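Everything on this sheet refers to the single structure shown next.
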Amino acid sequence: MNKVMKAASIGLVVLSSAMFTNVANAAQKVGYVNVAKIMQNMPQREGISIKLKAEFKDRIDAARNLEAKIKEKEATLQRNGELLGAEGIVKLQREIKSLRSDLKDDADAINEDTRRRQAEEQKKLMVLIQKGVTKVAESEGYDMVVEARSLMFAKPEDDLSSKVLKAAK
């Protein structure tokens, strides 16, 4: 019986020391970043906006010209409807309907392509942010960096957002 008690007490000591080891290992340095704030303040963001406007300028101008053409034909229909006759009115209404359809298709394509290009450019910015996070975390000895949106509470001194912004430039 004495041997069983010794074995049980030794097992308890080993188990409790293992628990203390896990607690000691759990004390890690954790920081956080606000990715939206970093993205918003990145100087590259303005350049991307200018680049995308230039990239889609011709297509947007063409859509505006098409819209002006539709308005011109609608004004002609309203102004000269009686002079055109029934056949002329139907012909002009069909032209307007066709132009509206073309405008809708063009606008949908421009919107889709713009969203796709914005996503591509944001992905590039995210790569820069990730590199900045890694650089700051490694240089300051952080074991883990999390996104600020997932936090319930954090100390302001663990906010690495401004440091990551500088590192991501």
Side-chain angles (χ1 to χ4, degrees), residues 28-81 83-85 87-169:
Q28 297 179 340
K29 193 171 179 184
V30 179
Y32 65 94
V33 293
N34 185 335
V35 174
K37 177 182 166 187
I38 294 169
M39 184 84 71
Q40 206 170 38
N41 293 317
M42 290 185 79
Q44 296 92 326
R45 197 174 134 253
E46 184 66 32
I48 289 170
S49 178
I50 292 168
K51 178 181 173 182
L52 290 178
K53 283 180 184 177
E55 187 175 322
F56 289 99
K57 182 187 182 314
D58 294 340
R59 290 174 65 186
I60 291 170
D61 288 345
R64 285 187 180 140
N65 289 339
L66 189 56
E67 188 175 27
K69 193 173 183 179
I70 292 169
K71 287 180 180 179
E72 179 184 309
K73 290 202 181 273
E74 287 174 338
T76 301
L77 180 64
Q78 208 169 24
R79 230 182 12 251
N80 302 332
L83 300 174
L84 295 172
E87 194 174 300
I89 291 173
V90 170
K91 182 180 175 188
L92 199 52
Q93 286 174 335
R94 286 182 182 158
E95 284 181 41
I96 292 170
K97 185 177 181 181
S98 175
L99 290 172
R100 281 188 182 151
S101 177
D102 291 346
L103 179 61
K104 184 186 179 314
D105 291 345
D106 289 351
D108 289 347
I110 290 169
N111 286 336
E112 182 180 324
D113 292 346
T114 302
R115 277 193 303 274
R116 182 185 49 79
R117 285 290 293 124
Q118 284 175 337
E120 288 172 3
E121 294 299 326
Q122 281 187 340
K123 195 180 254 185
K124 290 177 186 177
L125 290 180
M126 284 302 296
V127 168
L128 288 175
I129 291 171
Q130 182 60 47
K131 287 179 181 178
V133 167
T134 302
K135 185 177 179 181
V136 170
E138 287 176 352
S139 70
E140 297 197 15
Y142 280 88
D143 298 308
M144 186 183 320
V145 178
V146 296
E147 165 59 53
R149 291 181 302 174
S150 62
L151 295 174
M152 297 288 282
F153 170 79
K155 295 178 183 176
E157 57 265 16
D158 291 327
D159 184 1
L160 304 175
S161 299
S162 60
K163 293 174 184 177
V164 170
L165 180 61
K166 288 176 187 173
K169 289 183 179 179

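Please read these numbers as outputs of a predicted model, since none were measured by experiment.
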Interatomic distance, M39 atom CE to S161 atom OG [nearest 0.5 angstrom]: 12.5 Å
Contact check, side chains of V145 and V164, non-hydrogen atoms, under 4.5 Å: no
Any donor-acceptor pair under 3.5 Å from T76 side chain to E72 backbone: yes
NZ/NE/NH1/NH2 to OD/OE distance under 4.0 Å, E120 and R117: yes
Electrostatic pair R64:E67 at N-O distance under 4.0 angstrom: no
Distance, nearest 0.5 Å, that separates OH of Y32 from CG of L151: 7.0 Å
Side-chain touch T134/K131, heavy atoms, less than 4.5 angstrom: no
Under 3.5 Å: donor-acceptor pair, side chain of D143, backbone of V30: no
Qualifying side chain to side chain donor-acceptor pair (under 3.5 Å) pairs with a residue from residues 36-47, counting only residues at least two apart or across chains: none
Point-to-point distance, once rounded to the nearest 0.5 Å, from CD1 of I110 to CZ of F56: 8.5 Å
Atom pair CG/CG of D102 and L66 - distance to nearest 0.5 Å: 6.0 Å
Flag if over 12 foreign heavy atoms under 6.0 Å of CZ, R79: yes
Side chain to side chain contact (heavy atoms under 4.5 Å, CB included) between I129 and M42, worked out: CA-CA 9 Å; I129 291 171; M42 290 185 79; 3.7 Å; yes
I70 CD1 to I96 CD1 distance, which is reported to the nearest 0.5 Å: 8.5 Å
Salt bridge present between K91 and E87 (N-O < 4.0 angstrom): no
Residue R149 excluded, over 12 heavy atoms near CZ under 6.0 Å: no
Over all atoms of both residues, closest heavy-atom pair of A63 and L103: O-CD1, 3.4 Å
D106 vs R59, side chain to side chain contact (heavy atoms under 4.5 Å, CB included): CA-CA, chis, key distance, verdict: CA-CA 8 Å; D106 289 351; R59 290 174 65 186; over 6 Å; no
E140: partners by side-chain contact (heavy atoms from CB on, under 4.5 Å), with sequence neighbours left out: V136, Y142, L160, K163
Evaluation steps, side chain to side chain contact (heavy atoms under 4.5 Å, CB included), between L77 and I89: CA-CA 7 Å; L77 180 64; I89 291 173; 3.9 Å; yes
With V133, the side-chain contact (heavy atoms from CB on, under 4.5 Å) member among I38, V33, V35: V33
Worked verdict on E95 versus L92 for side chain to side chain contact (heavy atoms under 4.5 Å, CB included): CA-CA 5 Å; E95 284 181 41; L92 199 52; 4.2 Å; yes
Gap between atom CD of E55 and atom CD1 of I60 - 0.5 Å precision: 10.5 Å
